[in-house]
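Since the structure comes first, as structure tokens, the remarks are kept for the end.
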Amino acid sequence: MTLNPDRFLEDLHRLGSFGASGVGKGVVRPAFTAVDIAARRWLASRMEEAGLKTHFDPIGNLFGLNGEKSLLIGSHSDSQPEGGWLDGALGVVAGLEIARASIEAGGPPISVANFQDEEGRFGVLTGSDVWTGSISLAEADMFTDTDGLALGAVRARMAGRAREFLPHDMFTGFLEMHIEQGPGMDVSGDQIGVVSDIVGIREVRIKITGRQNHAGTTPMALRQDAFQALSNFNQRINERFSAVATPATVWTLGHAEISPNASSVIPGVAHFSLQWRDGDFARLNYMETILREVAEEVSRDQDVKIELGKVGAIEPAAMDPRLKEALRNAAEELAPGKWLDLPSGALHDAANVSRVMPAAMLFVPSIGGISHAFDEDTKEADLVKGLEVLNRAALSV
Ligand code: HGY
Ligand code: MN
Ligand code: MN
């Protein structure tokens, strides 16, 4: 079965033109934006040209189907608010090329998946979360983005093409190719990574309500300053999380807004996000207990109200031994001595999918370990090598 690396790279660049940021190869293509929907429609047309039957489900996941029983390959095509051209896109286009080459050569049936909102504009891995049943569509519909738009309202933009959720038993397994998004392989010089397991995550949005007031006339002792409370919260979280963290534990306050955000007004409200990731289920939960204790302490000491939203959760996931072995064997054949086993600190749809069918992942290096940024990139030779290894593994299972 003959892959066409030029066609694969052309499709990848074309996908990168949807929402191109104008800064390097970066993209701005969050879930359900006009460019995300246009990209999904274009991908659907490429799948149809390849001979696949396309299917959008109610949450916006796109499948390119080859028959009633097939191996599924894919990832996601939505991006972070400032994203790279490969995060997710690589896995979808790799799936498309492998499925297309297999049809051309009369090979085994391979289908393609393009999950929606992997990057969590609304939830955490929302499209695969709903498809695999971790959350219901009704629950997902209540999720809002940071501007307060509800997923239920925006997914109506794709309702015209939406059909039912596909049964999982149509697929014999799931393979996802992705960039590493960290420095490991760039430093070690390896070309292929076989993922052993994927970290778990907890993510929550938090609102602090203080008292908006005049910045010149309000004595320090009388203030209920939402920003100072946020700052204190962050300091305490750093201290308390550090005390239980391993070198692999990470946490991030990535989104924050204070209101009214003016130099001469004591902030009355602060909204922010907090997420933490770890490979150990018990530690993830213990960190949530710490978070709740810190919220109570800050609320009391700073005289503010602190409200925690629903905690989004994806549990740590081990990859399937048989599929992992297929990836290892293919890596050893096509990149002898230049591959390794490694865990994933980034989340991936494969974590959700692994709960309903065997799933495994392959990584290629990220130049400088950069991702979730416009300058994310990977050498084209590494992209093609990853495609070839994934294809070899797909044909062997
Ligand atoms: O944040 C993540 O790990 C993923 O890229 N959504
Ligand atoms: Mn991704
Ligand atoms: Mn990402």
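Counting starts at 1 for both ligands and their atoms, following the listed order. Since the structure is predicted, the reported quantities are computational estimates derived from the model, not experimental observations.
Selection from Q181, R277, H348 by nearest heavy atom to atom 3 (O) of ligand 1 gives R277.
No hydrogens or angles considered: nothing links the side chains of W251 and Q275 as a donor-acceptor pair under 3.5 Å. N61 and H55 form no side-chain donor-acceptor contact under 3.5 Å, judged by distance and modelled atom types alone.
For the pair H372 and ligand 1, the shortest N or O to N or O distance falls below 3.5 Å. The N/O atoms of E119, backbone and side chain alike, include one that comes under 3.5 Å of an N/O atom in ligand 1.
Screening the protein for N, O or S atoms under 2.8 Å from the Mn ion (ligand 3) yields 4; no waters enter the count.
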- Give the intermediate values and the outcome of side chain to side chain donor-acceptor pair (under 3.5 Å) for residues E104 and N4. CA-CA 11 Å; E104 287 168 352; N4 185 334; over 6 Å; no
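The Mn ion (ligand 2) does not have H348 among its coordinating residues (no N/O/S atom, backbone or side chain, under 2.8 Å).
Near A346, the atoms of ligand 1 lying under 4.0 angstrom from a non-hydrogen atom of the residue are 3 (O). Applying the 4.0 Å criterion to heavy atoms of E118 picks out, from ligand 1, the atoms 4 (C), 5 (O), 6 (N).
Listed for the T126 side chain is a donor-acceptor partner under 3.5 Å among the backbone atoms of G123. Formation of a donor-acceptor pair under 3.5 Å by the K69 side chain with backbone atoms of D169 is found in this model. Although no hydrogens or angles enter the test, the distance criterion places a donor-acceptor pair under 3.5 Å between the side chain of T132 and the main chain of S128.
Side-chain contact between Q181 and H348 is present, with heavy atoms from C-beta onward closer than 4.5 Å.
Screening F174, W131, F63 for a ring-ring contact (aromatic ring centres under 6.0 Å, His included) involving H168 leaves a single residue, W131.
If you put the vertex on the Mn ion (ligand 2), NE2 of H178 and NE2 of H76 sit 120° apart, to the nearest 10°.
Salt-bridge annotation for R236 and E239: absent, with no side-chain N of the basic residue lying under 4.0 Å from a carboxylate O of the acidic one.
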